[in-house]
**Q** 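I'd like to ask you about the structure that follows.
All values below were derived from every heavy atom in this structure, side-chain atoms included, with hydrogens, water molecules and symmetry-related copies excluded. All residue numbers in this chain count up from 1 along the given sequence. In this text, all values refer to a predicted model and were calculated from it rather than measured experimentally.
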Amino acid sequence: MAPSTVICIGMAGSGKTTFMQRLNSHLHAKQTPPYVINLDPAVLKVPFGSNIDIRDSVKYKKVMEDYNLGPNGAIVTSLNLFSTKIDQVIKLIENKSDKLNNVIIDTPGQIECFIWSASGAIITEAFASTFPTVIAYIVDTPRNSSPTTFMSNMLYACSILYKTKLPMIVVFNKTDVKKADFAKEWMQDFEAFQMAMMEDKELNGEDGSSSGYMSSLINSMSLMLEEFYSQLDVVGVSAYTGQGFDDFLAAVDNKVEEYNEFYKAEREKLIKEKQEKEKKQKNKSLSKLMSDLDLEKGKTKDSEVLSDYEESENEYEGEVERDEDDVERGYTFPEDRFKEVDSGTDADLQARYQEAFEKTAKTSSSKTAEAIAAQIRR
Ligand SMILES: Nc1nc2c(ncn2[C@@H]2O[C@H](COP(=O)(O)OP(=O)(O)OP(=O)(O)O)[C@@H](O)[C@H]2O)c(=O)[nH]1
């Protein structure tokens with residue numbers, strides 16, 4: 001059975017790293033050690049042993065210097081660099097998957113660097129399309145006892161659910177300082193939340209007189225959030241004392257079931273649509289390339305080559321879209337990628353390419369076309 005993946009996301013200081021540390025030791029105590037990944041390049045010290053640490057492959061400080069970036073830009077760039085290796089990471093985990101129950105992932109505290117970056121999406125997508133994947137949204141409970149802060153945090157969680165399209169568990173952390181009962185009540189009982197808002201001095205001023213646009217806005221938003229809450233599992237934990245971690249694991253099992261039942265089918269549909277779109281795009285690019293190479297005559301042959309090319313796609317999944325860039329960067333394709341082409345059309349096509357290349361080589365302005373033609377001539 002594929003291991004479930006838990007991606008820990010939360011505001012800076014919500015306790016993600018401490019939560020990871022506790023979850024790791026909790027799973028070790030249950031004799032089911034997880035596979036641990038740290039994706040926070042800027043963290044100084046990781047208090048748990050990680051199987052994969054982004055800091056081993058990307059040096060955050062050096063990225064800042066080399067690319068002349070600020071702290072957040074360097075986090076995004078580090079994640080970009082790491083995401084180019086994500087296929088290898090997934091393969092490593094797949095090789096061990098029969099011995100694993102869980103993969104747990106820590107992310108940078110600057111949520112937007114992960115959630116709203118292309119690399120964050122690539123990494124999340126890579127896991128979600130291979131393993132049942134769940135988001136654990138960590139909330140600092142004591143800091144969210146004001147209804148306004150609470151709702152802002154929940155809106156953020158809602159946007160993450162919307163962006164990742166993955167099942168989510170809201171984890172109220174630090175319950176040793178403040179119990180999460182108030183938050184659970186607000187999520188279940190709209191009137192209780194409204195009462196809390198009416199009493200909120202931050203919102204209504206000391207005399208409770210303000211009935212400005214803020215409270216009406218919050219009223220309407222909290223109605224919208226009711227729908228969001230119904231999609232969630234909620235648990236209270238203390239990463240300090242370890243309280244609530246069994247509940248958290250039960251919630252993960254529940255969300256994994258949900259993933260297999262609903263999210264997987266939905267994801268597969270989206271992936272299929274994306275592939276269709278990419279296929280069309282590739283068709284277009286290839287036709288353009290062929291016309292650049294003066295091969296308009298061989299249009300029927302072009303389509304044969306395309307379908308043969310696609311057959312080999314599985315082997316090189318994910319690379320296909322970047323082929324042109326790779327060639328431009330001097331990346332050399334594996335030999336057999338082109339050998340997949342039917343030998344009957346291969347020689348013919350090669351001769352046509354050769355002829356066209358010789359005709360156009362001197363004047364061609366397309367570096368990509370030159371590189372591909374050179375590759376085929378080998
Ligand atoms: N009382 C209490 N404090 C906690 C708990 N979990 C974390 N903390 C404290 O909260 C602070 C932030 O914890 P971290 O684990 O570093 O939080 P983080 O979300 O990883 O922070 P960033 O890496 O900056 O995003 C630290 O001072 C922790 O000691 C908890 O369960 N109870």
Side-chain angles (χ1 to χ4, degrees), residues 1-9 34-39 51-52 54 57 76 79-108 111 113-137 159-169 231-233 251-282 309-323 325-326 337:
M1 205 180 67
S4 55
T5 302
V6 178
I7 305 181
C8 296
I9 294 172
Y35 197 87
V36 185
I37 302 178
N38 171 44
L39 290 185
N51 299 81
I52 293 176
I54 187 171
S57 45
V76 174
L79 283 167
N80 285 346
L81 294 169
F82 183 82
S83 69
T84 61
K85 302 249 186 313
I86 193 67
D87 289 356
Q88 292 168 31
V89 172
I90 299 285
K91 277 224 172 72
L92 267 176
I93 302 172
E94 271 182 320
N95 289 342
K96 296 184 174 183
S97 63
D98 42 337
K99 288 182 222 129
L100 284 173
N101 285 348
N102 298 97
V103 178
I104 58 176
I105 305 176
D106 195 7
T107 59
I111 305 185
C113 294
F114 185 74
I115 287 294
W116 301 104
S117 66
S119 48
I122 290 169
I123 294 169
T124 312
E125 195 58 42
F127 278 99
S129 52
T130 321
F131 310 112
T133 304
V134 172
I135 304 288
Y137 186 73
S159 69
I160 292 171
L161 181 87
Y162 188 74
K163 180 81 169 69
T164 59
K165 296 182 186 65
L166 286 171
M168 179 183 277
I169 304 169
Q231 311 292 317
L232 303 174
D233 273 25
V252 171
D253 288 345
N254 184 35
K255 284 296 176 199
V256 165
E257 262 177 46
E258 218 173 86
Y259 175 95
N260 288 328
E261 211 170 317
F262 306 110
Y263 286 79
K264 204 171 160 198
E266 185 64 22
R267 296 192 75 77
E268 276 163 8
K269 196 175 130 222
L270 286 174
I271 289 169
K272 211 164 157 220
E273 278 172 14
K274 200 172 154 214
Q275 279 170 347
E276 290 288 319
K277 221 170 127 190
E278 278 171 9
K279 199 169 154 186
K280 275 192 196 142
Q281 183 62 37
K282 244 189 296 158
Y309 197 120
E310 275 160 10
E311 266 178 35
S312 63
E313 231 177 63
N314 286 344
E315 213 182 325
Y316 301 99
E317 241 168 40
E319 285 185 14
V320 176
E321 214 185 340
R322 295 191 296 272
D323 283 348
D325 301 343
D326 288 341
R337 194 164 187 175

**Q** Among Ile93, Asn102, Ile105, Val256, which one satisfies side chain to side chain contact (heavy atoms under 4.5 Å, CB included) with Thr5?
**A**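 Exactly one option meets the side chain to side chain contact (heavy atoms under 4.5 Å, CB included) with Thr5, and it is Ile105.
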**Q** Side-chain contact, heavy-atom cut-off 4.5 Å: Val76 with Phe114?
**A**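 No, too far: nothing below the 4.5 Å cut-off.
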**Q** Run Glu278 and Lys274 through side-chain contact (heavy atoms from CB on, under 4.5 Å) and show every step you take.
**A** CA-CA 6 Å; Glu278 278 171 9; Lys274 200 172 154 214; 3.6 Å; yes
**Q** Let me know which of Asp233, Ile169, Asn101 forms a side chain to side chain contact (heavy atoms under 4.5 Å, CB included) with Val252.
**A**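 Result: among Asp233, Ile169, Asn101, Ile169 is the only option passing the side chain to side chain contact (heavy atoms under 4.5 Å, CB included) with Val252.
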**Q** Could you go through Ile122 and Phe82, starting from their C-alpha distance and side-chain angles, then the distance that decides it, and tell me whether this counts as side-chain contact (heavy atoms from CB on, under 4.5 Å)?
**A** CA-CA 10 Å; Ile122 290 169; Phe82 183 82; over 6 Å; no
**Q** Salt bridge (Lys or Arg N to Asp or Glu O under 4.0 Å) for Lys255 and Glu258? Distances and angles first, verdict last.
**A** CA-CA 5 Å; Lys255 284 296 176 199; Glu258 218 173 86; 3.1 Å; yes
**Q** First locate atom OG of Ser159, then atom CD1 of Ile111, and finally report the distance between them rounded to the nearest 0.5 Å.
**A**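 Answer rounded to 0.5 Å: 8.0 Å.
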**Q** As an exercise, state the distance from OG of Ser57 to CD of Gln88, rounded to the nearest 0.5 Å.
**A**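 Going from the OG atom of Ser57 to the CD atom of Gln88 covers 9.5 Å.
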**Q** State, yes or no, whether a side-chain contact exists between Leu39 and Asp106 at a heavy-atom distance under 4.5 Å.
**A**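 The answer is no; the side chains never approach within 4.5 Å.
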**Q** Report the C-alpha distance between Ile115 and Ile9 in whole Å, list the side-chain angles of each, state the deciding distance to 0.1 Å, and finish with yes or no for side-chain contact (heavy atoms from CB on, under 4.5 Å).
**A** CA-CA 9 Å; Ile115 287 294; Ile9 294 172; 3.5 Å; yes
**Q** Measure the shortest side-chain to side-chain distance between Asn38 and Ile52 over non-hydrogen atoms and say whether it is less than 4.5 angstrom.
**A**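 No, too far: nothing below the 4.5 Å cut-off.
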**Q** Using the side chain to side chain contact (heavy atoms under 4.5 Å, CB included) rule, pick out the option among Ile160, Ile135, Leu161 that qualifies with Leu166.
**A**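 By the side chain to side chain contact (heavy atoms under 4.5 Å, CB included) criterion, Leu166 pairs with just one of Ile160, Ile135, Leu161: Ile135.
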**Q** Measuring only between side-chain heavy atoms, which start at C-beta, is Pro108 closer than 4.5 Å to Leu79?
**A**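 Yes - at least one pair of side-chain heavy atoms lies under 4.5 Å apart.
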**Q** Looking at CD1 of Ile7 and CE of Met168, how far apart are the two atoms once the value is rounded to the nearest 0.5 Å?
**A**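 These two atoms lie 10.5 Å from each other.
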**Q** So, does Tyr259 use its side chain to make a donor-acceptor pair with the main chain of Ala128 at under 3.5 Å?
**A**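 Such a contact is found between Tyr259 side chain and Ala128 backbone.
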**Q** Does any part of the side chain of Ser4, heavy atoms only, come nearer than 4.5 Å to the side chain of Val103, both counted from C-beta?
**A**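 With C-beta onward as the side chain, the pair stays apart.
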**Q** Hey, does the side chain of Asn51 reach the backbone of Val36 with a donor-acceptor pair shorter than 3.5 angstrom?
**A**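 Here the side-chain-to-backbone pair exists.
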**Q** Does Ser97 reach the main-chain N or O of Pro3 with its side chain, forming a donor-acceptor pair under 3.5 Å?
**A**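 Between the backbone of Pro3 and the side chain of Ser97 there is no qualifying donor-acceptor contact (under 3.5 Å).
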**Q** Taking side chain as C-beta onward, heavy atoms only, is Phe127 less than 4.5 Å from Ile37?
**A**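 Yes, close enough: below the 4.5 Å cut-off.
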**Q** Which atoms form the tightest heavy-atom contact between Thr107 and Cys8, and what is the distance?
**A**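 That closest heavy-atom pairing would be OG1-O, 2.6 Å.
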**Q** Within the side chain of Thr133, is there an N or O that forms a donor-acceptor pair under 3.5 Å with the backbone of Phe131?
**A**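 Present.
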**Q** Both conditions, 6.0 Å and 45 degrees, for the charged tip of Lys165 above the ring of Tyr162: are they met here?
**A**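 Here Lys165 passes the 6.0 Å and 45° test against Tyr162.
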